[in-house]
Structures are given as C-alpha cells and as structure tokens.
Amino acid sequence: MSNKSRKLSKNENTSSKKSKSKQVVSRVVIEGEGRDEWDKRYLKFAVVGSDRDIPPFSIEQFFGDSKPVFAALANAGWNGFTTKARNELLEKLQKRKPEPPSFKVVTRLGWNSGAYVFPDEIVGKPKTPLQKAFGRLDHAMLDKYRVNGTLEQWQDQIASKCVGNSRLMFAVSLAFTGPILRFVTGPKSGGFQPWGPAETGKTTGAMVAGSVWGCHRGEGRREKGFAESWNSTAGKIEVTALAHNDSLLILDETKRAGKDDRERAQVVTLVAFGLAEFTEKERLTNPDSVRSWRCYFLSTSNLSLGQLGNRGHVVIDEAERGRLADIPLPNDGHGIYEELHGFVDGEALSDALQHRSRKYYGVPARKFVRKLVSERETDPQGLKNFLKAERSHYLKKLKAEVEADGLRPLNRNSSRYATVFAAGSLAIKFGILAWSRKKLLKAILSCQLDQLRRADDDDEGADPSVESLRAKLVRYLDDHRSKFMYLNKKRPQLGSHKLGSVAGYRAKIKGDKWYYLTADQLTAIIGKGPNAGTLKHTLVNEGLMDHTKKKFVVQRKIFVGGKGNKNYAWVHAIKADIRKKKDSGTAEPMVHDGKE
C-alpha cells in the first residue's frame with residue numbers, strides 16, 4: 001500500500017471514529033429544563049431507543065460529582081464509557097442555550113404545586129408538570145411507601161382491633177396528620193412517645209400506625225413494618241425527616257439510640273430538637289439548597305423522657321417536653337391494650353397485629369390523600385374550617401378536664417394533640433376509619449391526661465428534682481468546661497480580675513481535678529431551696545464536693561499579686577469525677593482545712 005493510500009486509510013479511520021463518537025453523543029437528548037422549590041436549574045435527559053425514565057439532574061452536579069449523571073445514562077443504555085465520549089457530551093451541554101423551565105422539580109415527598117407526591121405516584125393535578133429528583137434521599141426509606149391488600153381488609157383486620165384501645169386509636173390518627181399539617185395552625189413538627197416496660201405492645205402500636213403508609217422490604221427491616229430504628233437516625237436526622245415529609249416518621253426503641261444511658265439521653269434530645277427545627281442545617285457540604293419538612297414523629301421507649309434524662313444525667317426541661325410528649329401505658333390495661341378483642345392475652349393480640357401490619361398496608365394513606373386532594377380542589381375553605389373546628393373542639397374539652405384536675409399542659413403539646421384529633425376526625429369523615437368521633441376524642445384525651453396525671457413516674461423511686469438539678473450541673477460543666485480558667489497554667493491578677501467573670505475555674509491538685517464555681521454561679525445553675533441543699537449534701541457524701549464544717553464553700557487559691565489569704569477566694573469546689581457515670585456506692589466525705 002502506498003503512503004497516499006495509508007494516509008487516506010488513516011483519515012477514513014479517524015473520520016469513522018469521530019462519526020461513531022458523534023453517534024454515541026447524539027443518543028443523549030435533553031427533553032427540557034426545570035427548576036426546584038429554590039429556583040435551582042435542572043436538566044431532564046433521555047436516551048434514544050430506551051424507555052427508562054431518567055430523573056432530572058441539577059446543573060450544580062456537573063460542577064461537583066457528575067458520576068451519578070453518567071451512571072444513570074449508562075443504565076438507560078448509553079455507551080458513554082470513555083472519557084472522550086463523556087467530554088463530548090459535556091461539550092454539547094456547553095454549547096446548549098438555556099431554555100425557560102417546562103417543569104418543576106420535586107426533591108421531597110408531600111405537597112407540591114397543588115398535588116401530593118409519593119415516590120411512585122403523583123396524586124392530583126399539579127399546576128405545573130412535576131419531575132421527581134429524590135437523589136439525596138434514602139431509597140430504602142422511599143421504597144417502603146408501597147401498597148398491599150385492600151382498604152376493607154385493613155379496616156377489618158387492623159383498624160377494628162384498635163377500637164377500645166386508646167393508644168392504638170391515637171397512633172392510627174397520628175398517621176394521618178402529615179398531609180393535613182399545611183392546612184392547620186399550630187406546630188408542624190414534634191413527636192409523641194408511648195413508653196413502658198418491654199414487651200407490652202409499644203412496637204406493635206408503632207407498626208399499626210405505620211401500616212397506614214406502607215412496609216419495608218427485606219426480612220430485616222420488614223420485621224418492624226414502616227418504622228425506622230433509633231440506632232440509625234442520629235447521624236442522618238435531616239435525610240430521614242425529608243423522606244417522611246407530609247407523612248409520618250416512626251422511630252422504634254430508644255434503647256438503641258446509644259451505647260450507654262448518657263448517650264441515649266443525648267441522642268434522643270438531639271433528634272427531638274433536630275426534627276422540631278424542620279429545616280436542614282446549611283453546610284458547606286450541602287450540594288443543593290437547604291430544604292424543610294413537615295411531619296410528626298412517633299417514638300417508642302421503655303423509659304419516659306424524664307427517666308432517660310435522669311439516668312443519663314441530662315437535663316430534661318419544658319423545651320424537651322414540648323418537642324416530645326410522653327404517653328404512658330393505660331392504667332389497669334394489658335400492656336398497651338385496654339381491649340383484647342377475644343385474644344387470650346396482649347401477646348397474642350400483638351403477634352396478630354404485627355403479622356397483619358406486614359400483610360395489609362399503604363392503602364389507607366393513598367385513599368386519605370386522594371380524598372384530601374379532591375376536597376382541597378372542590379372546597380378548600382370548607383376543609384380548613386372543618387380542621388379548625390375539630391382542633392378547637394379538642395382544646396375546649398381538654399381545658400375543661402385540666403381545670404377540673406388542676407393540671408398544666410404545655411401549649412405546644414396540646415396543639416399537636418388537637419391536630420391528631422382533627423386528622424382522625426377527617427379520616428372518619430372520609431370513611432377510612434369506622435370509629436365514632438366521640439370514642440376518638442375520649443381516646444386521645446386519655447393519652448394526654450394520663451401523661452399529665454402520671455408526671456411523677458419520671459421519679460423511678462428517687463426525687464426527680466434533685467436528679468434533675470444534678471444533671472443540670474453536669475450539663476453546665478460539660479458545656480462550659482472549655483471556657484473555665486485553668487489556674488495551673490495562669491492565675492489572674494488580684495485587683496484586675498473580677499471573681500466570677502468567667503464561666504468557672506479549674507485546677508489540678510495532687511492528681512485530682514477540680515472545678516470552682518462562685519456561690520452566685522452555682523445558684524444560677526441549680527437555684528435555691530431544699531432540693532438544691534439536698535444536692536449539695538449528696539455531693540459531699542459522695543466525695544464530689546469539698547466543704548468546711550458549716551459551709552459548702554471552701555477557700556481556694558485563685559489570684560496572684562496579694563499576700564496571705566488575699567490570694568484566696570470562697571468558692572464551691574466540685575470534683576471533676578462528677579462528670580463520670582454516677583457510682584452506686586457512696587464515698588466518704590473529703591474534709592479540707594480550707595487551704596491547699
């Protein structure tokens with residue numbers, strides 16, 4: 001072959017490669033552009049000859065990790081395996097001019113543009129076309145929104161067994177709150193926690209509530225139905241919440257929340273606060289805009305919130321209680337049940353309901369949402385008026401009960417209970433629940449009133465006030481220790497430093513670590529009165545607080561620059577060991593002569 005022939009052949013080969021490369025790129029078409037709730041731009045791709053639907057991808061992904069885009073195209077049949085092919089596709093995008101949005105991008109479940117979005121279905125007629133882009137959500141969580149059985153089977157096999165069982169009637173009504181939260185006043189987030197001894201039906205109640213929405217796949221996760229586990233939630237609060245927007249989040253067994261009492265208490269309060277914020281934290285690692293959610297959550301626990309705090313030495317105050325409301329087991333019941341419906345005992349009823357919750361699920365939520373969407377389209381004001389009236393009715397009945405008993409409920413909790421009643425009432429109106437409204441009201445009032453009347457159950461045999469004060473002190477030391485002045489390194493100058501102007505002082509003496517607080521500082525933390533005094537006596541007896549014969553304050557060397565006792569100040573001296581897990585034994589008191 002001549003040189004000319006070789007050159008021609010080489011040129012033809014190069015031309016052929018370019019032609020094939022162009023053919024590869026030409027198989028990828030852009031069907032349109034869209035914008036999400038925060039006006040972020042997305043592109044909708046398709047592969048010629050493939051019937052696979054590819055979700056839209058944000059433009060921002062091409063400036064970060066574009067591998068998911070190419071993987072989605074490859075799974076749809078595009079053979080863009082070479083770097084050259086991918087670069088040519090990017091070049092094609094570079095030359096493309098932006099277009100006006102032809103659809104709206106949905107990044108979370110729930111309401112959007114007048115329609116309700118499930119992972120596999122959009123209910124209603126959205127004002128603008130919708131495209132789902134759930135790339136940042138947990139797909140195992142999305143996959144559990146599925147349907148099995150009929151509404152009649154669910155009503156007969158599950159809902160009918162809730163009648164006469166206040167905690168089950170509450171849990172099922174709670175399951176319908178998500179879709180109505182946008183139409184009611186009051187909190188859009190927060191939770192409830194049925195608690196009591198192990199194996200009393202709490203998990204069953206959670207599974208019954210979850211059967212309204214669906215059931216996990218796979219034997220391991222399917223065992224708990226629709227629920228998530230506490231042990232996998234703390235590190236991904238926001239992703240978990242977004243996967244349950246406008247629906248219901250269930251977290252089973254707080255004992256799985258941490259490896260010890262303190263960690264469990266911290267995780268539960270952290271998650272409760274995080275879910276109640278109902279907005280993602282804005283981080284540099286967030287590839288897209290910050291999103292928000294609306295949903296109530298249901299937690300199950302062997303201990304009340306107060307007991308979790310007492311055991312973990314974590315302060316539980318009204319802020320925590322206003323975000324997670326405890327619901328004790330009913331008095332004189334069979335665990336969580338008051339009515340066994342012919343079953344020999346609570347265990348037999350639990351076994352049956354758990355089995356049925358894995359067999360009949362998902363239909364009630366679909367029926368409820370379809371009815372709700374229709375009601376919103378035909379009579380939106382009537383819908384809002386109904387929900388408002390039901391909430392007002394509950395709050396009026398509650399007020400009469402608490403005034404008669406001298407109880408003091410938290411407004412946020414009462415408002416949530418009112419929304420649960422409104423959701424259950426609407427499900428009755430829609431024909432999904434066959435209960436009477438009167439029985440539903442009695443059941444939900446029972447849950448809230450029992451919690452208020454049994455607030456002392458947080459005691460666990462000890463004075464909760466003293467334990468709470470101790471936890472508060474430990475929490476202060478944990479949170480502010482880094483701001484304490486370390487006296488072994490540098491002491492402040494007498495006359496130029498005001499005692500108590502820093503969060504506290506710390507020092508190491510003969511191998512022991514101490515914290516020093518002024519009298520005013522300790523009072524600000526634990527207050528005054530008998531319980532504060534009892535706590536001080538307890539700490540002295542445990543060897544955790546130094547004392548003189550008549551006082552809980554001792555002299556410690558704080559300053560430099562003076563002579564004699566001028567360098568000393570009267571402070572509360574607390575041993576750093578208080579931050580460790582409380583010992584069951586009692587140490588002998590440590591007595592000093594007032595000097596180091």
Side-chain angles (χ1 to χ4, degrees), residues 149 151-177 192-212 224-227 248 250 252 298-302 304 325-361 363-364 394 397-398 401 417 420-421 423-429 431-454 457:
L151 179 61
E152 291 71 25
Q153 288 173 320
W154 181 86
Q155 290 170 329
D156 178 63
Q157 296 294 307
I158 296 176
S160 66
K161 304 303 178 284
C162 298
V163 177
N165 289 311
S166 59
R167 276 48 175 178
L168 296 188
M169 295 177 75
F170 170 86
V172 170
S173 298
L174 175 66
F176 293 107
T177 56
F192 300 90
Q193 181 166 270
W195 68 274
E199 299 182 357
T200 50
K202 301 183 301 297
T203 293
T204 302
M207 291 182 67
V208 166
S211 71
V212 171
K224 293 297 177 69
F226 190 79
L248 174 68
I250 302 173
D252 191 45
L298 180 67
S299 166
T300 67
S301 179
N302 293 345
S304 70
D326 281 318
I327 301 177
L329 298 180
N331 295 316
D332 303 321
H334 309 271
I336 201 173
Y337 311 109
E338 294 119 306
E339 170 60 55
L340 293 178
H341 292 282
F343 287 85
V344 294
D345 54 26
E347 182 179 0
L349 179 53
S350 288
D351 288 343
L353 286 174
Q354 288 191 24
H355 172 73
R356 296 173 186 184
S357 295
R358 292 190 290 266
K359 188 174 182 180
Y360 309 110
Y361 50 78
V363 179
Y394 178 85
K397 293 294 183 181
L398 174 68
E401 293 281 351
Y417 276 106
V420 174
F421 174 70
S425 292
L426 190 60
I428 292 172
K429 179 184 176 183
I432 296 171
L433 298 178
W435 313 333
S436 74
R437 180 169 165 269
K438 185 176 180 180
K439 288 182 178 179
L440 176 63
L441 177 64
K442 181 181 177 181
I444 296 179
L445 280 172
S446 170
C447 293
Q448 185 172 11
L449 292 172
D450 282 356
Q451 186 271 321
L452 294 170
R453 290 165 180 157
R454 293 173 58 184
D457 284 358

Checking Arg167 against Ile327 for the side-chain contact (heavy atoms from CB on, under 4.5 Å) test, could you report, in this order, the C-alpha distance in whole Å, the side-chain angles of both residues, the deciding distance, and whether it holds? CA-CA 8 Å; Arg167 276 48 175 178; Ile327 301 177; 3.7 Å; yes

For Ala209 and Leu298, the nearest pair of non-hydrogen atoms, with its separation, is CB-CD2, 4.2 Å

One should read off an interatomic distance between Leu248 CG and Thr177 OG1, to the nearest 0.5 angstrom, of 6.0 Å

Test Ile336 against Thr200 for side-chain contact (heavy atoms from CB on, under 4.5 Å), laying out the working first.
-> CA-CA 6 Å; Ile336 201 173; Thr200 50; 5.6 Å; no

So CG of Asp326 and OG of Ser301: to nearest 0.5 Å the spacing works out to 7.5 Å

Looking only at heavy atoms, the pair that brings Leu151 and Val363 closest together is N-CG1, 3.6 Å

Taking CD in Gln157 as the centre, count heavy atoms belonging to other residues, nucleotides or ligands within less than 6.0 Å. Is the count above 12? yes

Glu199 meets the salt bridge (charged side-chain N to carboxylate O under 4.0 Å, His left out) criterion, sequence neighbours left out, with none

Apply side-chain contact (heavy atoms from CB on, under 4.5 Å) to residues Met207 and Arg358 and explain how you reach the verdict.
CA-CA 8 Å; Met207 291 182 67; Arg358 292 190 290 266; 3.4 Å; yes

Are Leu426 and Phe176 close enough that some pair of their side-chain heavy atoms sits under 4.5 Å apart?
-> no

Ser304 and Gln193 have their tightest heavy-atom pair at C-NE2, 4.1 Å

* Note, Val212 side chain near Val172 side chain (heavy atom, < 4.5 Å) -> yes

Looking only at heavy atoms, the pair that brings Ala159 and Trp435 closest together is O-NE1, 3.3 Å

Requested in this report: Under the side-chain contact (heavy atoms from CB on, under 4.5 Å) rule, what do Asn165 and His341 come out as? Steps first, then yes or no, please.
Outcome: CA-CA 10 Å; Asn165 289 311; His341 292 282; 3.9 Å; yes

**Minimum side-chain heavy-atom gap Asn302-Lys202 below 4.5 Å** = yes

Note to self: For the NE2 atom on His355, are there more than 12 heavy atoms of other groups (residues, nucleotides or ligands in this structure) within a distance under 6.0 Å?
What the structure shows: no

Interatomic distance, OG@Ser446 vs CD@Glu401, rounded to 0.5 Å, equals 10.0 Å

Report task. Check whether more than 12 heavy atoms from other residues, nucleotides or ligands sit under 6.0 Å from atom NZ of Lys429, and answer yes or no. Result -> yes

Check your understanding: Hey, are the side chains of Phe421 and Lys397 touching, using non-hydrogen atoms and a 4.5 Å cut-off?
Key -> no

Between Gly205 and Leu168, the two heavy atoms sitting closest are CA-CD2, 3.5 Å

Notebook entry, point to check: Is there a donor-acceptor pair under 3.5 Å between the side chain of Gln153 and the backbone N or O of Lys359?
Noted result: no

Here the gap from Phe192 atom CZ to Cys447 atom SG, rounded to the nearest 0.5 Å, amounts to 9.0 Å

Residue set satisfying side-chain contact (heavy atoms from CB on, under 4.5 Å) with Leu340, at least two apart, ordered chain then number -> His334, Tyr337, Leu349

dist Trp154:CH2 -> Ile432:CD1 (nearest 0.5 Å) comes out at 8.0 Å

**Request:** Name the orientation class of the two ring planes belonging to Phe170 and Tyr417 (parallel below 30°, tilted from 30 to 60°, perpendicular beyond 60°).
**Result:** tilted

Between the CG atom in Leu445 and the OG atom in Ser166, the distance rounded to the nearest 0.5 Å is 10.5 Å

Between Gly335 and Leu329 the two heavy atoms that sit nearest each other are O-CB, 3.9 Å

